[in-house]
Structures are given as C-alpha cells and as structure tokens.
Amino acid sequence: MSKKNKIFAKDLSEAEQPRAKGKTESEMLSDDELKILSAAHKDFDRSTLPNYDNSDVAKAKRYAKKNKPTVIFVSATVLLLIAVIATLSVFLYLQGRDAPSTEDFKLTLGEDEYTLKYKSAMRDDVLYLDIVQIARYTELVISGSANAVKISCDDGTYVRFEQGENTALVNGEKVKLGGVAEIVQLDSESEGKMQCFIPYTFIERLFSHEVVKGSKRSVYVSYSNKTNEILIHRISYKDSKEALPIGFSADCFDLVADSLLKEDADDSIYTVLKENFLSMTLLVNKSNPLGEFFTPKGLISLNDVGCPVAPGREFLLEETAALALTQMLLALGEELGRNAPAIVTSAYRSYDYQKALFEKYVQNRVARGMSRAEAEKDASRTSAKAGESEHQSGLCVDLIERGEKYLSVSFEESDCFAWLSENAHKYGYILRYPKGKEHITKYDYEPWHYRFVGVDVARVIYEDKICLEEYLARY
Ligand SMILES: [Zn+2]
C-alpha cells in the first residue's frame, strides 16, 4: 500500500466510518475498493460519501486528527505560557503584598483619623503607637509622670510602662513588651499632653482579652502593613450602644520570670493601687486632663453627710472622700474646741463650670490690662482650664476658715492649717500643691486645696514629703 493510500485509508477508517473503530484496515476496505479510491484520490470529493458529516465540528475534528502533532505542540506551548504567566503574576502579587508600605500611617480611632509619619512611628522595624492617645479614646484612666505611665480599666486591671524598659507590668505581672517604652512629656504650654509609645503588637494583644465571656474583644485593633492603615474602635454590646467593658490580663503575654518590680513593691500600697486606683490615685493635672466627658462615679452631697460647708452652698464629692472629709473636719473642730473652724468652699466642679470659672479669671485679668494670652497664662498658675482641673474628679476640696470669704495663702497661718498639716493624711487627705513642688505640680502653692488619695497613699506622701506626681512615678 502506497503512503498516500495508507493515509487515505486511515482517513476513511476513522473519519468516514467512525463506528469501525478497533477493526483492521482490511476488514474495512477490499483491495479493489482501495484501488478505485486510490485512482480517484486526487479528485475525490469525500463529502459525496454516504453518512459524511460535513458539520464544522466534524471538520475541526478531522483537521485536528490530521495535524495532531502540531496541535499538541501548539497547545502545550500555550499552556506552558499560561502557566508561566500565572506563576509570575502570583509571585509578583505575593511580593507586592508582603512588601511593607513605607507610606505614612493612617490611624483611625473611632470616628477620628490621624496621620502618623512613617519615620517617627517605625523604629527598628517595629511600629510604635501612643497608648495614651488610645487610652483617651477608649476612656481608660491614665496616670503617670516622665518615668512611668499607667493605664487603668474600670475593673481595676491595669498596665504600667516605664521609661526605656522592654517590659511592662500587667496587673502586677512582668511581661515582655517587644520593644522599648518611650514616654514623652510634651510642653504643658502647648495643650500639655503626655505620650507613651509602645509596640503595636503589644497593644493588639493587650486589647485581645475578653472581659465579657462569649463576647468578642471589647476593642477592635487591626493593622495592615500593605496599606499602613491602623484601625482601633470600641465595640458595643450586640443589642445596645453601650460599649463593652475593657479589662487587661497578663494571660495574653509571655511572662518574664524575674518580676523584680513585683517583689520589691510594698504590698499594702500595691493593694491600694490595684483595688482603689480609680477612686483614690487618679492623677489629674495639666499633662493628664480628664477631658470634657469625664464625670466621677458616686458623687454625694456634702450637706447630706453633715460636712461643714460655706453657708447656703451645696457641694458634691465622691462618697468615700466625702465621708473621710466630714470625719476630718469634725475632728478638727473637736481638737480646736470650735464648731467647724474650717469649711468647704469648693468641691466637685463640672467641666462646664470650670470652663466658665477659668474664663471669669481670665476676664478679670484682661480688665486689669493684660492681653488675652498673658491673662490665660497668669490665670493658669492657680486655676485650671476646663478638663484639666482636679476638681472635676470629685476627689478634692478647697477649705477656708469660717468667716473668711476668699481663698488666700494666709490660710497657712491658721491653726486649722497647722492641724491639717499633721493630721490630714490620717483621713486619707494630702495637701495637693505643696510649697517647693511647684515645678512638678505646675501649680503655685495652695494651702487650701486638699485631695483625697486614701489613707495608705496619704501616709507615704506625708512621711516622704512628696507630692502625688512623685508618688505615682514610683509605682
Ligand atoms: Zn482647689
């Protein structure tokens, strides 16, 4: 059989007689038939054969069969190309995704957005965030100094950072920070704020503790190193707008074996700090403002508990502080043999009240010829801007001698002051702005302003002749 014949026979056997699959050529065509077909080959029109399928599909199949090796080669090449392109794309995509962005960070705290400069937020490939800013947003209590910052939750749990340390204290347990804490005390003149920079990874873990069982974490924290977007927002209960309570737990961290700070700490002070931190050692000053929305819990009327106050006036104070103050002022009267020789002339002041009060002081000075800026600066030596006043905490009072009308440094010459200086701490009160501590408290000496901190803390402050800021810097 000639080559041509062979091919032709193959064509016939497979294309024109599709059901003859598996049979040999000889079974399909006789030699005579092949001869006839071979002779007519050149001009043979196959479409004239019976059962010839002339559809496009059949044509394509026939073509594909005829050109099998070429089709396979082309297909393989195309497939290989697609595979190479796909692999390359995936590789490039992954490369792009994993490559950290060096754009400035966009920090979203609830409704507010901030831009953080890439170079200042990133140190040694670690992203640092200001936890004080986050604590303000999440309405946690912030206290601290140039050496230490403490963030406390409503349930009494807390975290404490020390300047330059690579560990932190979470509820008394020493844990790894994954970086070094940096505390920055900003100029008090410029809206005095404190900052404490902590690695992002620590912050994410800190807020991962579930206070309400079965609920998600109470603060959502996320960060994408591709877009450099940081998202932090408080989560509310499913059915209400009330935010879930926040709490911290050392369980979220790797503990550091030698907890020197914990062992060295005075146990009694430590207990006080842990259990009553919120109500007793809350630090409020120009660097630690309470802000517009802070209202203390448990305010009661001083008149209701029989505390001596300026005639015709009514004052509010936190309950524990109010009861201790009443005891103190009654004991003072008993000691001096006079009925209530010292009385309260100011106690809790709301944000709005403080705002109006500060404005009044400024206006008085402007009336005396000072410029607005001079007047504000001068007024802030003895009075606080709204949100920065300790009076907003409901934990402090101003005292005057009965019969006096105005607050005066001459109060220090009274026998009341002499007795208070030696005994106030026994009732949990301290002289908040003592002489010689003006550079720390940032207030002039105020012999009339007493602050409740609890008996244990007051004793330490009294014995060591320190102010509240110095006390808090220790613990
Ligand atoms: Zn005061």
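In each ligand, atom 1 is the first atom listed, and ligand 1 is the first ligand listed. The first residue in the sequence is number 1, and the count goes up from there.
Looking only at its N/O/S atoms, Asp398 has OD1 as the one nearest to the Zn ion (ligand 1). For His391, the N, O or S atom with the smallest separation from the Zn ion (ligand 1) is NE2. Sorting the N, O or S atoms of His449 by how far they are from the Zn ion (ligand 1) puts ND1 first.
Taking the six-membered ring for Trp and thresholds of 30 and 60 degrees, Tyr427 and Trp419 have ring planes inclined between 30 and 60 degrees apart.
Atom CD of Glu103 has 12 or fewer heavy atoms from other residues, nucleotides or ligands within 6.0 Å.
The ring of Phe207 has its center no closer than 6.0 angstrom to the ring center of Phe202.
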Exercise for the section: Starting from the C-alpha separation in whole Å, work towards a yes-or-no answer on side-chain contact (heavy atoms from CB on, under 4.5 Å) for Asp398 and Val344. Expected result: CA-CA 6 Å; Asp398 292 335; Val344 176; over 6 Å; no
